[in-house]
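Notes follow once the structure below has been shown.
All figures in this text were calculated on a predicted structure; none of them were measured in a lab. All values below were derived from every heavy atom in this structure, side-chain atoms included, with hydrogens, water molecules and symmetry-related copies excluded.
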Amino acid sequence: MKTDNEACKTGVVTLRPPTYCAVFLCLAVFVLIFVLRNPAQHDVKFKMAPSHPEMPPGSCTFQPLSSMDAAEELLLLESIAWPESPRSSPHPPSLEQTSDPAHSTFTILPQKGGRQWHTGDQLKVTIKLYNFQGLRKKYGGDFLLARLYNPSLEAGVAGQVVDHLNGSYSAVFPLLWEGSAQVEVTLVHPSEAVAVLRRLTSEQPDRIYFQSLFRSNLLSQITTCNYCLRSTQQPLCNFTDLYTGESWFCYKPKKLSCDARINHSRGGFNQNITAMEEKLFKSGINMKVSIRASGAANVTVLPKKKGQPEMKTSSGKSGHSGYYYQGVWRTLGGPTIHHFNTSSSISQCLKGKVVHLYGDSTVRQWFEHLLATVPDLKEFNLHSLKQGGPFMAFDYANNIMVTYRCHGPPIRFASIPVSDLRYIANELDGLIGGTNTVVIVGIWSHFSTYPIEVYIHRLQVIRRAVVRLLDRAPGTLVVIRTANPKALTLYESLTNSDWYSLQRDKVLRAMFKDLNVRLVDAWEMSLAHHLPHNLHPQPPIIKNMIDVLLSYICPTKGG
């Protein structure tokens, strides 16, 4: 969502406290100059861990930030700042005082002069939130999503939501097709629930924990591992990566050395919220629930008027990357998307290519999709575990190789051998690159329970590796997959809420904005589609994502 006075900020669903563009730019320059001139005065959040593998108890240290990284971090944190809900007392408000989608409404604003709607116009909607007592909310911070759609045309586009910080919001949609266009506004989380998510990140970043098996001869022990481990009398093993500086620690086994570590796996989840807080995450009541229309929920869109200027559809100007029409994704201001509807068209596009996919399970989906749709692409059996990989597939006739490797910890897969735990930056540094090399990166979901600074640092490390790759092999195609919304339960909200994903999505876009990389906008492609949100988007959405990817690889070819 956006706040007022944020017209200078483009991109989908962004939010910042109310500042004017000029003020923000001046502040950004001032912060950058201040940090560069006074590096010692910056409150560094990450401190270098000792190099010895055995550490004293209670350690929670990270690699120090350079002056440039520290300045960038400050600007990123400011750009994703979210309004805080006011508190009238030290205790959270009662449920009756929180946002209620059943009482809230949205209204389509009429065209100026009462004229009709035409393609190329913008549709504006005002949204008013009320609490369970039927009283107007007086403050912002609610997390809303909006889309415009037509089921019969299989058309849809995401809306941009603006937070006016007083309980009212606006949503803006481009009108891109003729016929009916229906508005949908969804309350993902009330502002009070967002406050809980923020508290959890601050107080319980280790609520998802991990384990490692240590084994030597007949002795074995499983211990807890994480970015940060709480203070005990037990010493720690320091597994900080020597090249990336990425930190990782495990409690040291009592009778085994740190070198006896065998694997990495997800341990479990510690839920620690109050009964009142739990009521803020109820499906069908106040979590991902549609808000009703006050009046008509749809408009009829007529053809573009004669002499009407072309709509500016550049994603840099409209803030939208694309839309669906007849179930097919069309970009706005980007390259033309071709449709690779046959296995032969995909094979011809990938002929002579080496495609490396790095990241989480949402990137693994792409590997699985290619394997399922291209019969000549055969997986080589590496005897890898089903979730974590690594995986490799070949089409010898067309000289195609496709690989997948998951990113390094934190990764919530069942079990991964330590030898297969690789950081993306290290893998990129091992590539030769070139015009026949395609690199795909998707990393976001597994960082949701940690402070955003942890994610920022990981992306900074990956970005430097991307820059090195493009410097030595400029013809390499690098594609970044963004985050996407998902189905939410109480558990999913506390560990991987769409609000967490949105924050990381904004950081990801900003981090790679000025590099020669391509973006697959999974956020808008999922939000604009009629299918329900899912951590792993359903096949029609994945097919459109692959079409975007292949259009980047083969911009003049179609299936």
Practice item. Any chance you could measure E277, atom CD, to L200, atom CG, to the nearest 0.5 Å? Key: 7.0 Å
Study note, to complete from the structure: side-chain contact (heavy atoms from CB on, under 4.5 Å) filter on A146, not counting sequence neighbours, yields V161, A171, F173, V185
Review point. CG of L549 to CD1 of I337: how many Å apart, nearest 0.5 Å?
Key: 10.0 Å
Exercise for review: Please lay out, stage by stage, how W117 and L123 fare under the test side-chain contact (heavy atoms from CB on, under 4.5 Å).
Suggested key: CA-CA 8 Å; W117 303 98; L123 183 71; 3.4 Å; yes
**Study point:** Heavy-atom side-chain proximity of N534 to I541 below 4.5 angstrom
**Key:** no
Review point. Considering all heavy atoms of both residues, which atom of E524 and which atom of D521 are nearest to each other, and what is their separation?
Key: N-OD1, 3.0 Å
Point to revise | Spacing of L144 atom CG and S191 atom OG [to the nearest 0.5 Å] | key: 10.0 Å
Check your understanding: Side-chain contact, heavy-atom cut-off 4.5 Å: D142 with D163?
Key -> no
Revision key, fill the gap. Residue set satisfying side chain to side chain donor-acceptor pair (under 3.5 Å) with N131, at least two apart, ordered chain then number -> none
Review point. Could you go step by step and tell me if L135 and H103 meet the side-chain contact (heavy atoms from CB on, under 4.5 Å) rule?
Key: CA-CA 9 Å; L135 302 177; H103 279 95; over 6 Å; no
Check your understanding: Does some side-chain heavy atom of H533 sit less than 4.5 Å from a side-chain heavy atom of L527?
Key -> yes
Review point. Of the options W329, Y149, W177, which is the one that meets Y324 in a ring pair (Phe, Tyr, Trp, His ring centres under 6.0 Å)?
Key: W329
Practice item. Measure the CH2-CG distance between W444 and N496 for me, rounded to the nearest 0.5 Å. Key: 6.0 Å
Exercise for review: May I ask you to decide if Y130's main-chain N or O and S104's side chain share a donor-acceptor pair within less than 3.5 Å?
Suggested key: yes
Point to revise | Contact list for residues 285-296, test salt bridge (charged side-chain N to carboxylate O under 4.0 Å, His left out), sequence neighbours left out | key: K288-D498
**Study point:** Residue of the set P537, P540, S526 for which side chain to side chain contact (heavy atoms under 4.5 Å, CB included) holds with L531
**Key:** P540
Practice item. Would you please say whether a donor-acceptor pair under 3.5 Å links the side chains of N150 and S152? Key: yes
**Study point:** Flag side-chain contact, heavy atom, 4.5 Å: H457 against E246
**Key:** yes
Revision key, fill the gap. Rounded to the nearest 0.5 Å, the OH atom of Y169 sits from the CG atom of L129 at a distance of 5.0 Å
Practice item. Quick one: closest heavy-atom pair of R207 and T449, and the distance? Key: NH1-O, 3.5 Å
**Study point:** Minimum side-chain heavy-atom gap I462-Y358 below 4.5 Å
**Key:** no
Check your understanding: Closest heavy-atom contact between T119 and V301?
Key -> N-CG1, 3.4 Å
Practice item. Kindly indicate whether the side chain of L508, heavy atoms from C-beta on, has any atom under 4.5 Å from the side chain of M511. Key: no
Exercise for review: Return yes if some donor-acceptor pair links the side-chain N/O of Q97 with the main-chain N/O of S94 below 3.5 Å, else return no.
Suggested key: yes
Point to revise | Parallel, tilted or perpendicular: rings of H189 and F143 (30°, 60°) | key: tilted
Practice item. Give a yes or no on whether Q116 atom CD has more than 12 heavy-atom contacts from other residues, nucleotides or ligands under 6.0 Å away. Key: no
Review point. Under 3.5 Å, side chain of Q204 to main-chain N/O of N272, donor-acceptor pair present?
Key: yes
Check your understanding: Going through the distances and angles, do W523 and S321 end up as a side-chain contact (heavy atoms from CB on, under 4.5 Å)?
Key -> CA-CA 10 Å; W523 186 270; S321 66; over 6 Å; no
Point to revise | Any donor-acceptor N/O pair, E73 side chain to I456 backbone, under 3.5 Å | key: no
Check your understanding: Can a salt bridge be assigned to the pair E192 and K279 using a cut-off of 4.0 Å between side-chain N and carboxylate O?
Key -> no
Practice item. Using side-chain hydrogen bond (donor to acceptor under 3.5 Å, both in side chains) as the criterion, point out the one residue from K124, Q160, H164 that pairs with S170. Key: H164
Check your understanding: Between the side chain of R198 and the main-chain N/O of W82, is any donor-acceptor distance below 3.5 Å?
Key -> yes
Check your understanding: Counting N and O atoms only, with roles assigned by atom type, does the side chain of D547 sit under 3.5 Å from a partner on the main chain of F340, one being a donor and the other an acceptor?
Key -> yes
Check your understanding: Would you say the side-chain atoms of D505 pair up with the backbone N or O of A483, donor to acceptor, closer than 3.5 Å?
Key -> yes
Practice item. Find out whether F132 and I285 are in side-chain contact, i.e. whether some heavy atom of one side chain is under 4.5 Å from a heavy atom of the other. Key: yes
Practice item. Taking Y552 for its side chain and V520 for its backbone only, find out whether a donor-acceptor pair lies under 3.5 Å. Key: no
Practice item. For the pair F447 and H407, name the ring-plane relationship: parallel under 30°, tilted 30 to 60°, perpendicular over 60°. Key: tilted
Practice item. Mind running side-chain hydrogen bond (donor to acceptor under 3.5 Å, both in side chains) on K137 and S99 for me, showing each step along the way? Key: CA-CA 7 Å; K137 290 282 294 281; S99 306; 2.4 Å; yes
**Study point:** Donor-acceptor contact below 3.5 Å, side chain H118 vs main chain P303
**Key:** yes
Practice item. Give a yes or no on whether the backbone of R412 and the side-chain of D360 come within a donor-acceptor separation of less than 3.5 Å. Key: no
**Study point:** Pairwise side-chain contact, V162 with V172, heavy-atom cut-off 4.5 Å (strictly under)
**Key:** no
